[in-house]
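Here's the structure, in structure tokens; my notes come after.
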Amino acid sequence: MSKEFEIAREFEVDATPEQVWEAVTTGSGGWLWPEEFPEEPREGAKGPFGSTFTAWDPPRRLTVRSEDVGMPTQSLNQLDWVVEPRDEGRRAWVRYVHSGIFTDDWDNQYDGASKHTDFYLHTLREYLVHFAPRPVAFATFEGPEASGGADALAVVGRALGLGDDVAEGTRVAARGPEEFDAVVDFRNPYFIGLRTGDALVRFFGRNHWGGTVGMSVHDFAPGADAEANEAAWQGWLNRVFSQPS
């Protein structure tokens with residue numbers, strides 16, 4: 001049965017409104033995924049994924065709306081950003097609202113969207129504070145079918161060398177394709193975020209919503225190679241789930 005939804009979040013960040021606007025528009029590969037914007041965006045213009053800009057007022061207001069989502073579980077999708085200056089423009093207050101209509105599996109779809117929102121917006125703040133506006137090599141991919149089990153993200157945590165008592169803010173020597181130093185910048189039963197000196201490495205426990213573990217790597221190092229990152233981490237995920245947990 002179709003039913004409307006709304007997910008609203010507010011936060012402040014140590015970045016100017018202009019920096020937030022750039023991250024949300026042309027810099028989205030640094031925290032979400034790269035999105036294509038028209039050369040001359042304006043109200044009424046076409047936006048990413050077949051959407052339409054219903055508000056375009058840089059750096060204050062951005063609204064994109066799509067009535068052809070291309071998903072069997074959703075018929076309407078809208079993203080609304082409001083950005084206001086704080087501390088004489090040195091910082092920004094942001095209100096983000098994701099709304100629309102889910103047409104099936106409403107509770108599961110809403111729970112997944114809500115929890116993903118918190119992780120993505122946290123990653124946005126990490127990008128703004130630590131990496132913006134550095135160029136990014138972005139890679140994203142899904143784990144193997146075996147990563148769809150109920151404890152799959154916990155398996156990933158153990159493979160990374162993160163004990164159950166390792167909390168957000170802890171510095172660790174993580175075990176991936178090779179050992180690397182990182183800060184655990186986000187951790188709950190659904191997501192793991194690692195921040196290095198040059199990258200944001202994200203693990204998505206989509207096994208909780210009927211999918212498989214996903215990964216994104218936002219690499220800001222000079223000369224970073226997205227394809228090499230994907231090959232290395234995809235291979236690592238495949239090996240993790242080819243072994244008994």
Side-chain angles (χ1 to χ4, degrees), residues 7-35 59 62 79 81-87 89-98 112-141 153 156-157 160-162 166-177 180-206 213-222 224 226 229-230 232-233:
I7 300 165
R9 300 288 188 269
E10 297 180 7
F11 61 89
E12 292 191 13
V13 62
D14 288 328
T16 67
E18 291 77 12
Q19 290 169 327
V20 173
W21 183 269
E22 182 176 351
V24 170
T25 55
T26 58
S28 60
W31 61 279
L32 184 64
W33 52 72
E35 294 188 317
L62 169 65
L79 306 176
W81 297 86
V82 176
V83 185
E84 295 181 0
R86 293 290 188 270
D87 296 339
R90 292 185 294 272
R91 306 180 73 248
W93 171 87
V94 181
R95 176 174 170 80
Y96 169 84
V97 180
H98 180 195
S114 180
K115 288 183 170 65
H116 274 75
T117 294
D118 291 331
F119 190 38
Y120 282 131
L121 294 181
H122 170 83
T123 303
L124 168 61
R125 294 191 291 274
E126 290 289 290
Y127 166 66
L128 284 166
V129 171
H130 297 283
F131 299 109
R134 290 163 61 177
V136 64
F138 172 77
T140 188
F141 46 91
L153 191 69
V156 169
L160 287 166
L162 307 181
V166 175
E168 291 178 10
T170 304
R171 293 186 176 274
V172 297
R175 299 194 300 263
F180 61 100
D181 294 329
V183 174
V184 181
D185 68 89
F186 194 98
R187 192 178 192 188
N188 65 21
Y190 308 96
F191 307 99
I192 297 172
L194 300 176
R195 186 184 75 244
T196 74
D198 288 307
L200 294 168
V201 184
R202 326 314 269 167
F203 300 87
F204 301 84
R206 297 185 177 123
V213 169
M215 270 198 72
S216 291
V217 180
H218 310 263
D219 193 341
F220 306 95
N229 286 336
E230 179 175 352
W233 278 104

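Only this structure's heavy atoms are used, side chains among them; waters, hydrogens and symmetry mates stay out.
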(request) Using the side chain to side chain contact (heavy atoms under 4.5 Å, CB included) rule, take D14 and L128 through it: C-alpha gap first, then chi angles, then the decisive distance, then the call. (result) CA-CA 8 Å; D14 288 328; L128 284 166; over 6 Å; no

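- For the atom pair CG of L62 and OG1 of T25, the computed distance is 7.5 Å after rounding to the nearest 0.5 Å.
- A 4.5 Å side-chain heavy-atom check between P85 and R91 finds every atom pair outside the cut-off.
- Summarising the geometry, atom NE2 belonging to H218 is positioned 11.5 Å from atom CG belonging to N229; distances are rounded to the nearest 0.5 Å.
- V94 is listed as a side-chain neighbour of V20, based on a closest heavy-atom distance under 4.5 Å.
- Closest approach of A137 and A226 over heavy atoms only: CB-N, 3.9 Å.
- Rounded to the nearest 0.5 angstrom, H122 NE2 and L200 CG are separated by 8.0 Å.
- The structure places CG of L160 at 6.5 Å from CZ of F180, a figure rounded to the nearest 0.5 Å.
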### Task
Could you check F131 against V136 for side chain to side chain contact (heavy atoms under 4.5 Å, CB included), going step by step and ending with a plain yes or no?
CA-CA 9 Å; F131 299 109; V136 64; over 6 Å; no

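- When atom types are taken as modelled, the side chain of S28 and the backbone of W33 share a donor-acceptor pair closer than 3.5 angstrom.
- With sequence neighbours left out, D118 forms a side-chain hydrogen bond (donor to acceptor under 3.5 Å, both in side chains) with R9.
- Using a cut-off of 4.0 Å between Lys/Arg side-chain N and Asp/Glu carboxylate O, R134 and D198 are scored as salt-bridged.
- Put simply, the residue from Y120, W81, F11 that forms a ring-ring contact (aromatic ring centres under 6.0 Å, His included) with Y96 is W81.
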Go through the steps to decide whether I7 and V97 satisfy the test side chain to side chain contact (heavy atoms under 4.5 Å, CB included), and finish with yes or no. CA-CA 6 Å; I7 300 165; V97 180; over 6 Å; no

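- In plain terms, the two heavy atoms of A224 and D219 that are nearest each other are CB-CG, 3.4 Å.
- Here the CZ-OG distance, from F203 to S216, works out to 10.0 Å after rounding to the nearest 0.5 Å.
- Residues F138 and G29 come closest through the heavy atom pair CD1-O, 3.7 Å.
- Q19 places a side-chain N or O within 3.5 Å of a backbone atom of T16 that can act as its donor or acceptor partner.
- With F119 as the partner, the ring-ring contact (aromatic ring centres under 6.0 Å, His included) test is satisfied by one option alone out of Y190, F204, W31: F204.
- T196 and A182 make their closest contact through CG2-CB, 4.0 Å (heavy atoms, listed as atom of the first residue, atom of the second, distance).
- For D185 and R202, the salt-bridge test passes: some basic side-chain N is under 4.0 Å from an acidic carboxylate O.
- Under the 3.5 Å distance criterion, the side-chain polar atoms of D87 are left unmatched by any main-chain donor or acceptor of R90.
- One finds no salt bridge joining R187 and E168 here, because no Lys/Arg side-chain nitrogen approaches an Asp/Glu carboxylate oxygen to under 4.0 Å.
- A donor-acceptor pair under 3.5 Å is absent between the side-chain atoms of T117 and the main chain of H98, judged by distance alone.
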CA sep, side-chain torsions, deciding dist, call: V172, L162, side chain to side chain contact (heavy atoms under 4.5 Å, CB included): CA-CA 8 Å; V172 297; L162 307 181; 4.0 Å; yes

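- When every heavy atom of P17 is checked against every heavy atom of A92, the shortest pair comes out as N-CB, 3.9 Å.
- Residue G214 comes nearest to R206 through the heavy atom pair CA-NH1, 4.0 Å, listed as atom of the first residue, atom of the second, then distance.
- Between the NE2 atom of H116 and the CG atom of L32 there is a distance of 10.5 Å, given to the nearest 0.5 Å.
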